[in-house]
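Report on the structure given below.
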Amino acid sequence: SRPGVEGLVRGAQWNNRGQAYAVVPEVRAVLGGRLGEEPAAAFARAGVTGGPVLEQKGGFLLYKQAAAPRPSNASAPAALLATQADPRPVVLNLRTQKLAVVAGAIRAELNDATAGPAVAADLGIALGREFPNRRVAFYTAPAGADLLALLARMRAHPRVAAADLELIEYVRTPR
């Protein structure tokens with residue numbers, strides 16, 4: 001177990017690209033500003049109180065909320081809400097114990113390269129970018145949508161071969 005992640009409440013769990021993840025409802029992420037910006041300034045810009053910063057991942061500050069929602073038992077699902085703005089939901093990779101920021105998009109591998117708009121219409125979501133030569137499309141859920149429920153619906157769609165949430169887990173830094 002990694003320092004800082006032990007003891008975090010784990011909510012709903014699912015598989016994403018072959019890895020098991022759990023929602024951590026007490027951790028959120030805000031996009032940091034300029035290099036050297038104090039966390040308090042980033043929190044104020046995002047309109048949140050903030051809390052202790054657990055780590056920085058790329059441009060995001062991952063922090064523990066002071067009064068986070070706690071599920072009544074370990075199996076109770078915690079809503080994972082789509083959001084385009086801060087604060088963003090955070091999840092935990094159960095194998096590596098690494099935290100990941102939920103980007104708010106769903107990546108789908110389509111059975112047919114032309115199915116992107118039809119899938120969006122069927123599910124009531126926005127089609128972002130399409131890569132027809134790879135049969136891949138990215139979708140954005142409306143604000144407040146439960147991404148895990150939407151992901152399950154997308155995976156069950158007859159025109160979708162596979163679907164996963166876009167997560168920011170590993171950040172490469174130049175040497």
Side-chain angles (χ1 to χ4, degrees), residues 10-33 42-48 50 54-63 65 68-69 71 77-94 96 98-172:
R10 290 171 172 95
Q13 296 182 11
W14 82 103
N15 285 328
N16 208 61
R17 294 193 182 135
Q19 295 286 319
Y21 287 86
V23 175
V24 284
E26 60 193 314
V27 179
R28 290 286 183 257
V30 296
L31 192 57
F43 295 147
R45 193 173 14 80
V48 297
L54 298 176
E55 67 179 86
Q56 186 167 351
K57 189 164 296 278
F60 290 95
L61 296 173
L62 284 66
Y63 66 95
Q65 299 181 95
L80 180 61
L81 300 178
T83 180
Q84 296 304 310
D86 295 333
R88 296 167 195 249
V90 173
V91 298
L92 176 69
N93 182 318
L94 296 175
T96 65
K98 288 189 178 285
L99 294 171
V101 178
V102 177
I106 297 176
R107 178 188 182 277
E109 295 176 25
L110 305 173
N111 292 323
D112 175 357
T114 63
V119 171
D122 290 349
L123 297 176
I125 57 178
L127 174 61
R129 296 200 57 194
E130 288 183 278
F131 299 91
N133 59 331
R134 293 186 160 188
R135 295 185 337 219
V136 171
F138 289 86
Y139 297 90
T140 305
D146 182 340
L147 280 174
L148 293 179
L150 180 57
L151 182 63
R153 288 179 43 222
M154 185 170 280
R155 286 177 172 171
H157 195 285
R159 294 180 176 179
V160 175
D164 290 293
L165 293 180
E166 282 297 296
L167 304 175
I168 301 167
E169 183 171 359
Y170 299 99
V171 179
R172 293 187 177 132

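What you are looking at is a predicted structure, and each value in this text was computed from that prediction instead of being measured.
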Would you compute the distance between atom [atom1] of [X] and atom [atom2] of [Y] and round it to the nearest 0.5 angstrom?
X: Gln19; Y: Lys98; atom1: CD; atom2: NZ; answer: 12.0 Å
X: Leu92; Y: Gln13; atom1: CG; atom2: CD; answer: 9.0 Å
X: Trp14; Y: Leu151; atom1: CH2; atom2: CG; answer: 8.0 Å
X: Phe60; Y: Leu31; atom1: CZ; atom2: CG; answer: 5.0 Å

Would you say the side chain of [Y] lies within less than 4.5 Å of the side chain of [X], judging by non-hydrogen atoms?
X: Ile125; Y: Met154; value: yes
X: Leu167; Y: Tyr21; value: yes
X: Val91; Y: Leu165; value: no
X: Tyr63; Y: Val48; value: yes

Test side chain to side chain donor-acceptor pair (under 3.5 Å) applied to [X] - qualifying residues, sequence neighbours left out:
X: Arg155; answer: Asp164
X: Asp112; answer: Thr114
X: Arg107; answer: Glu109

For residues 99-106, which side-chain N or O atoms pair as donor and acceptor with protein atoms under 3.5 Å away, sequence neighbours left out?
none

Taking all non-hydrogen atoms of both residues into account, name the closest pair between [X] and [Y] and its distance.
X: Pro89; Y: Arg28; value: CA-NH1, 3.6 Å
X: Lys57; Y: Val171; value: CG-CG2, 3.6 Å
X: Pro132; Y: Ala113; value: O-CB, 3.3 Å
X: Leu148; Y: Asp146; value: N-OD1, 3.0 Å
X: Pro117; Y: Leu127; value: N-CD2, 3.8 Å
X: Gly11; Y: Ala22; value: O-CB, 4.3 Å

_Under the rule for side-chain contact (heavy atoms from CB on, under 4.5 Å), what residues qualify as partners of Ala20, not counting sequence neighbours?_
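side-chain contact (heavy atoms from CB on, under 4.5 Å) list for Ala20, sorted by chain: Asn15, Leu94.
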Exercise. Given the rule in the side chain to side chain contact (heavy atoms under 4.5 Å, CB included) test, do Val136 and Leu110 qualify, once you have shown the distances and angles that lead to the verdict?
Worked result: CA-CA 6 Å; Val136 171; Leu110 305 173; over 6 Å; no
So side chain to side chain donor-acceptor pair (under 3.5 Å) across residues 115-134, not counting sequence neighbours, yields Asp122-His157
